[in-house]
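Below, all heavy atoms of this structure are taken into account, side chains as well, without hydrogens, waters or symmetry copies. Chain A is the first sequence line, chain B the second, and so forth, proteins listed ahead of strands; every chain is numbered from 1.
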Protein chains: 2
Amino acid sequence: MNSQFKKGILELLVLNILKGNDCYGYEIVNKISESISISEGTIYPLMRRLKGDGYVTTYLSESNEGPPRKYYHLAESGIEEHNKLKKEWDTFFVQVNILLGEES
Amino acid sequence: MNSQFKKGILELLVLNILKGNDCYGYEIVNKISESISISEGTIYPLMRRLKGDGYVTTYLSESNEGPPRKYYHLAESGIEEHNKLKKEWDTFFVQVNILLGEES
DNA sequence: TTTAGTACCTTGTATAACAAGATACTGTGT
DNA sequence: ACACAGTATCTTGTTATACAAGGTACTAAA
């Protein structure tokens, strides 16, 4: 997997997952990993950034399977950021595929 | 335009352009710029990398519209690199769009 | 008690796009 | 002759972000 391809997209994928319901970090890693190889060392700093930017809020919740989980909840500005990134991605990959001659 | 999205893709786009015919740097910048905003400061270092990796060879050719042009020619290994990147991109954007719920 | 699974985190490294410049040639307008 | 736009090359320093490789700590099963 070309790790450069992922630059910027992972933020969109995370916000997209959180649009459905609150998730904890480890859960997000596993969900994305089903389709795209990803490491924890990528997601945790990303979640910190998203919180720093005000796109998500967090709360702790105990687990009976291990240490407490830190849940992330999508804030209003996070929804806006998601919509913005989604539009950018949609036009981007269409443009790329046109340049690659796929006419998709 | 989210500049992070472009990471890694520009190499594929350049190789794809050179599959058609030899081009000089300024020409490549203009071709890509028709669809995706790009700066010269991105392309010239990229071309240097591609040459360093043996994916392209170069030759100079005079121009009657300005200074001499440095043409880039796709080498055998460049064709292989193109095929590899193309496959990676194809699976990548499909996976991303599935995660985004586009089923494309 | 040791291991696997869950769950959090940090540090340092590598990659690549970009802004902002520099250099230099050609042709057009004043 | 001079300035300017267009063509064409390049470099330097900055920024963003993914990753490898670690560490910590809890639970449950072998």
Side-chain angles (χ1 to χ4, degrees), chain A residues 1-15 22-33 35-53 55-56 58-72 81 85 88-89 92 95-96, chain B residues 1-15 22-33 35-53 55-56 58-72 81 85 88-89 92 95-96:
Chain A
M1 172 72 66
N2 189 321
S3 71
Q4 294 299 323
F5 286 170
K6 302 172 197 169
K7 298 283 173 78
I9 309 284
L10 291 178
E11 176 174 340
L12 172 56
L13 293 180
V14 166
L15 294 174
D22 298 357
C23 290
Y24 53 99
Y26 193 74
E27 191 182 7
I28 293 171
V29 172
N30 288 335
K31 284 192 178 184
I32 295 179
S33 292
S35 305
I36 292 171
S37 68
I38 191 71
S39 78
E40 295 180 9
T42 300
I43 290 298
Y44 288 114
L46 169 56
M47 300 317 294
R48 176 178 288 277
R49 257 182 278 145
L50 292 177
K51 189 179 182 183
D53 291 338
Y55 298 145
V56 299
T58 60
Y59 57 91
L60 286 175
S61 184
E62 282 178 33
S63 162
N64 49 1
E65 296 173 67
R69 299 164 171 169
K70 185 188 274 186
Y71 278 85
Y72 296 89
E81 173 73 359
L85 280 178
E88 286 179 359
W89 164 253
F92 177 75
Q95 290 301 318
V96 168
Chain B
M1 172 71 67
N2 188 320
S3 70
Q4 295 298 323
F5 286 170
K6 301 173 197 168
K7 297 284 173 79
I9 310 285
L10 291 179
E11 177 175 337
L12 172 56
L13 293 181
V14 166
L15 293 175
D22 298 356
C23 290
Y24 54 99
Y26 193 74
E27 190 182 6
I28 293 171
V29 172
N30 288 334
K31 283 190 177 184
I32 295 178
S33 292
S35 305
I36 293 171
S37 67
I38 191 69
S39 79
E40 295 176 8
T42 299
I43 290 299
Y44 287 113
L46 170 55
M47 300 318 293
R48 177 178 289 275
R49 257 182 277 143
L50 292 178
K51 188 179 181 184
D53 290 339
Y55 298 145
V56 300
T58 61
Y59 57 92
L60 286 175
S61 184
E62 282 177 33
S63 164
N64 49 1
E65 295 173 69
R69 298 163 172 172
K70 185 187 273 187
Y71 279 85
Y72 296 89
E81 174 73 359
L85 280 177
E88 286 180 0
W89 163 253
F92 177 74
Q95 290 301 317
V96 168

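Atom CZ of B/Phe5 is separated from atom C1' of C/dC18 by 17 Å (rounded to the nearest Å). Taking atom CD1 of residue A/Ile38 and atom C1' of nucleotide D/dA18, one finds them 7 Å apart after rounding to whole Å. Straight-line distance from the NZ atom of B/Lys51 to the P atom of D/dT9: 13 Å, rounded to whole Å. B/Leu50 places its CG atom 10 Å from the P atom of C/dA17, with the value rounded to the nearest Å. Atom-to-atom, OH of A/Tyr59 to C1' of C/dA7 comes out at 16 Å; the value is rounded to the nearest Å. C/dC18 atom P lies 15 Å from atom OH of B/Tyr44, rounded to whole Å. Distance, A/Met1 CE to D/dC19 P: 9 Å, rounded to whole Å. Rounded to whole angstrom, the span from the CG atom of B/Leu10 across to the C1' atom of C/dT15 amounts to 13 Å.
If you find the closest nucleotide of DNA chain C to A/Lys70 and to A/Lys7, the one lying nearer the 5' end belongs to A/Lys70. Comparing B/Glu27 and A/Gly8, the nucleotide of DNA chain D nearest to each residue sits closer to the 5' end for B/Glu27.
Listed pair B/Arg48 / D/dT9 fails the phosphate criterion, with no side-chain N or O lying under 4.0 Å from OP1 or OP2. One finds no side-chain N or O of B/Arg49 lying less than 4.0 angstrom from the OP1 or OP2 phosphate oxygen of C/dA14. Considering only side-chain N and O atoms, A/Arg69 lies nowhere under 4.0 angstrom from the phosphate OP1 or OP2 of C/dT6. Residue A/Tyr24 places at least one side-chain N or O closer than 4.0 Å to OP1 or OP2 of C/dA7. OP1 or OP2 of C/dC8 has not a single side-chain nitrogen or oxygen of A/Tyr26 nearer than 4.0 Å.
The distance from atom CD1 of A/Ile9 to atom NZ of A/Lys7, rounded to the nearest 0.5 Å, is 12.0 Å. Taking CD from A/Glu88 and CE from B/Met1, the interatomic distance works out to 8.0 Å, rounded to the nearest 0.5 Å. Remark: B/Gln95 CD to A/Ile32 CD1 distance equals 12.5 Å, nearest 0.5 Å.
Base engagement by B/Thr42 is indicated by at least one non-hydrogen atom pair under 4.0 Å involving a base atom. Using a 4.0 Å heavy-atom distance criterion, A/Lys6 is classed as a sugar-phosphate-only contact.
Proximity of a side-chain donor or acceptor of B/Lys6 to a complementary backbone N or O of B/Ser37 within less than 3.5 Å is detected. Looking at B/Asp53, its side chain never comes within 3.5 Å of a backbone N or O of B/Tyr55 through a donor-acceptor pair.
When each of C/dC18, C/dT10, C/dC9 is scored by its nearest atom to the side-chain atoms of B/Ser3, the top-ranked nucleotide is C/dC18.
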Notebook entry, point to check: What does nucleotides 21-30 of chain D look like as a protein-contact string, B for base, S for sugar-phosphate only, - for none, at under 4.0 angstrom between heavy atoms?
Noted result: B----BSS--
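Here the closest non-hydrogen pair linking A/Pro67 and A/Ser63 is O-CB, 3.8 Å. Across B/Cys23 and B/Lys31, no two heavy atoms sit closer than the pair SG-NZ, 3.8 Å.
Note: A/Phe5 and B/Trp89 have perpendicular aromatic rings, judged against thresholds of 30 and 60 degrees for the angle between ring planes.
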